[in-house]
Protein chains: 2
Amino acid sequence: MAKYIDIANDLKRKIKDGTYAAGEPLPGQKNLAEDYKTSRMTIQKSLSLLKAEGYLYSQQGSATFVKKNIDSLSNLDIGVDQYVGISKLMEGKHKVTSKVSKFEIRYPVEAECDKLSLGPTDAVYDILRLRLVDEEPYSIEHTIMPISIIPGLDENILNHSVYEYIQGELGLEIGGAYRQFSAKKSSEADIKYLGNESTDPVLVITNVVYLESGTPFEYSIVDQKYDKGRFGMFIPSQAKY
Amino acid sequence: MAKYIDIANDLKRKIKDGTYAAGEPLPGQKNLAEDYKTSRMTIQKSLSLLKAEGYLYSQQGSATFVKKNIDSLSNLDIGVDQYVGISKLMEGKHKVTSKVSKFEIRYPVEAECDKLSLGPTDAVYDILRLRLVDEEPYSIEHTIMPISIIPGLDENILNHSVYEYIQGELGLEIGGAYRQFSAKKSSEADIKYLGNESTDPVLVITNVVYLESGTPFEYSIVDQKYDKGRFGMFIPSQAKY
DNA sequence: TAGTGGTCTAGACCACGAT
DNA sequence: TCGTGGTCTAGACCACTAA
């Protein structure tokens with residue numbers, strides 16, 4: 001592992017265990033460079049990592065400080081995990097299961113070609129899954145993925161974790177996602193599968209997920225029960241490196 | 001301006017005007033360093049900026065490539081602007097106005113003390129604003145801010161832009177925001193002010209906004225009409241610097 | 001094997017804040 | 001003025017990919 005990552009991890013540990021307290025300044029780059037027996041450039045790379053993660057901020061002419069409220073900001077760790085939907089989010093706390101109610105291969109409609117940059121003859125998976133948390137209906141996930149990018153998908157993988165398959169088996173790296181939130185009235189499907197009343201609102205989350213190369217590989221629409229938890233995230237300000 | 005930022009901007013321009021086409025490799029760090037008459041380290045800092053912004057990705061041993069689908073990813077530029085609510089988001093396209101229906105100073109309740117890290121005697125502003133887009137009701141914004149951090153707020157600023165006041169007049173830097181999305185049924189206020197039917201759903205956005213130092217300075221709850229546009233954002237994957 | 005990007009160094013100068 | 005962080009350099013070695 002690279003030295004600047006090791007140092008960043010060590011500093012993060014010291015922030016978490018209180019060696020460097022919230023609101024207090026760090027020892028200074030020159031001191032840190034001596035302590036870790038390295039150059040100032042390397043220390044700066046470590047610090048910039050922790051700044052990007054929201055642990056630190058610097059004031060030129062003064063010092064580098066530990067941010068307050070790190071717990072409520074950074075403990076969420078909004079990395080790749082955020083794309084796995086609920087399966088990892090709930091890990092340990094609740095039992096998450098899936099019921100695959102549709103798993104077809106077909107040609108994409110125009111909206112899907114548009115979102116996924118596909119031609120009309122590039123086949124896609126059309127997947128409909130009911131997600132349950134602690135045996136209770138939680139959301140309906142409608143997912144479209146091109147078979148050319150994600151070959152070999154089967155029901156076994158759908159019941160386990162699609163993202164582990166993509167990152168592990170296929171060795172693909174996820175670059176980011178575009179996500180939209182909106183609200184709507186319950187549809188027939190929401191009433192039938194989520195057990196909603198016809199007057200219940202639904203939280204709709206629309207996702208387009210991209211690989212590191214910028215290729216879109218997932219277009220999904222999630223209908224979530226309005227009374228089962230919220231969808232939260234930390235949005236950092238424009239980063240400066 | 002720093003050299004590495006100038007270079008990053010020039011590279012960004014060349015990506016946008018097609019000099020470096022999507023999916024194609026860049027000239028290579030050694031070449032770029034010669035072209036811009038600088039060192040490789042400086043070029044790498046420029047490149048890391050553009051990687052963080054989602055324009056580029058590198059493959060060790062091979063080259064640095066321009067991402068595909070940059071338009072749909074990065075044109076959104078989700079920086080500080082995203083905190084200004086709708087006022088800047090709609091700028092130019094639609095007319096956004098506010099109607100301040102409550103502007104009080106009082107002591108915070110427990111939930112507000114919790115979210116804003118305040119004591120029970122640290123006074124806060126309690127602001128209720130109806131936001132209109134093109135004269136049509138759009139959302140109800142309920143905002144709580146500590147007067148100790150944002151002194152001198154008045155109705156004139158509320159009708160203009162609170163965020164310009166914070167960043168311009170007060171010289172404070174915004175670090176990020178924690179944002180939650182949920183859906184609910186229309187409340188009495190939603191029916192009265194937004195003109196909702198009692199069966200209309202509402203999109204609820206709860207925000208806690210932090211300064212660069214990690215100090216929270218805004219706790220707000222926004223009730224948004226469900227049929228008036230969506231709330232979207234790009235979420236980059238875990239960045240590596 | 002040659003060429004690429006990733007890491008690292010030991011200096012240097014500048015911009016800024018505190019005193 | 002002094003010490004801090006911010007930028008920059010000209011090299012070096014390593015890890016990796018492609019030919």
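Order of the sequence lines sets the chain letters (A, B, ...), proteins ahead of strands, with each chain counted from 1. Everything numeric here is computed off the predicted structure, so don't read it as measured data.
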Main-chain N/O of B/Ile221 paired with B/Thr206 side-chain donor or acceptor, under 3.5 Å: no
Within residues 147-158 of chain A or reaching into it, pairs that qualify as side-chain hydrogen bond (donor to acceptor under 3.5 Å, both in side chains) - sequence neighbours excluded: none
query: Are B/Lys30 and C/dA2 close enough that a side-chain N or O sits under 4.0 Å from OP1 or OP2?
result: no
- prompt: In Å, rounded to the nearest 0.5 Å, how long is the span from OG1 of A/Thr64 to CG of A/Leu26?
  reply: 6.5 Å
- prompt: Within the distance-only criterion (no hydrogens, no angle test), does the side chain of A/Asp122 pair as donor or acceptor with the backbone N or O of A/Leu118 below 3.5 angstrom?
  reply: no
message: When you measure from the side-chain N and O atoms of B/Lys3 to the phosphate of D/dT9, is any distance below 4.0 Å, counting only OP1 and OP2?
response: yes
message: It should be established whether B/Tyr4 places a side-chain nitrogen or oxygen under 4.0 Å from OP1 or OP2 of nucleotide D/dT7.
response: yes
Taking only nitrogen or oxygen atoms into account, show me every contact under 3.5 Å that the protein makes with nucleotides 10-13 of chain D, one pair per line with its distance.
unit_1	atom_1	unit_2	atom_2	d
D/dA12	N6	B/Arg40	NH1	3.4

statement: Looking only at D/dT7, C/dT9, C/dT7, the nucleotide nearest the B/Lys45 side chain is D/dT7
- request: Return the value, rounded to whole Å, for the distance between atom NZ of B/Lys37 and atom C1' of D/dC8.
  value: 17 Å
- request: Measure up the B/Tyr163 and B/Phe217 rings against each other and bin them: parallel (under 30°), tilted (30 to 60°), perpendicular (over 60°).
  value: perpendicular
query: Roughly how many Å is it from CD in B/Glu212 to P in D/dG5, rounded to a whole number?
result: 16 Å
query: Of all residues at least two apart in sequence or in a different chain, which pass the side-chain hydrogen bond (donor to acceptor under 3.5 Å, both in side chains) check with B/Ser220?
result: B/Asn207, B/Glu218
task: Taking only the side-chain heavy atoms of A/Gln44 (C-beta and beyond), determine which of D/dT7, C/dT7, D/dG5 contains the nearest atom.
output: D/dT7
Would you tabulate the pairs of protein nitrogen or oxygen atoms and nucleotide nitrogen or oxygen atoms of nucleotides 15-19 of chain D closer than 3.5 angstrom?
unit_1	atom_1	unit_2	atom_2	d
D/dC16	O4'	B/Gln60	OE1	3.4
D/dT17	O4'	B/Gly61	O	3.4

Length of the CG-C1' vector between A/Leu56 and D/dT4, whole Å: 15 Å
task: Measure the distance from CG on B/Leu47 to P on D/dC8 and round it to the nearest whole Å.
output: 14 Å
query: When the distance from CD1 of B/Ile43 to C1' of C/dG5 is rounded to whole Å, what number comes out?
result: 13 Å
- prompt: Between atom CD in B/Glu34 and atom P in C/dT4, what is the gap in whole Å?
  reply: 10 Å
- prompt: More 5' along DNA chain C: B/Asn31 or A/Ala2, using each one's nearest nucleotide?
  reply: B/Asn31
message: Minimum heavy-atom separation for B/Gly152 and B/Ile157, please, with both atom names.
response: O-CD1, 3.7 Å
message: Side chain of B/Thr42, heavy atoms from C-beta onward: which of C/dT9, C/dG6, D/dT9 has the nearest atom to it?
response: D/dT9
task: Please report how far the helix from C/dT1-D/dA18 to C/dA18-D/dT1 bends, comparing the axis fitted to its first five pairs with the axis fitted to its last five, to the nearest 10 degrees.
output: 10°
task: Only counting residues at least two apart or in another chain, list the ones meeting side-chain hydrogen bond (donor to acceptor under 3.5 Å, both in side chains) with B/Tyr36.
output: B/Asp10
message: How many whole angstroms separate atom CE of A/Met1 from atom P of C/dC8?
response: 11 Å
- prompt: Which atoms form the tightest heavy-atom contact between A/Arg129 and A/Leu158, and what is the distance?
  reply: NH1-O, 2.7 Å
message: Using every non-hydrogen atom in the two residues, find where A/Val124 and A/Pro146 come nearest and quote the distance to one decimal.
response: CG1-CA, 4.0 Å
Whole-Å distance separating the CD atom of B/Gln29 from the P atom of D/dC8: 16 Å
- prompt: Is a donor on one side and an acceptor on the other found under 3.5 Å between the side chain of B/Tyr125 and the backbone of B/Ile150?
  reply: yes
- request: Can you establish whether the number of heavy atoms outside A/Lys30 located under 6.0 Å from its atom NZ is more than 12?
  value: no
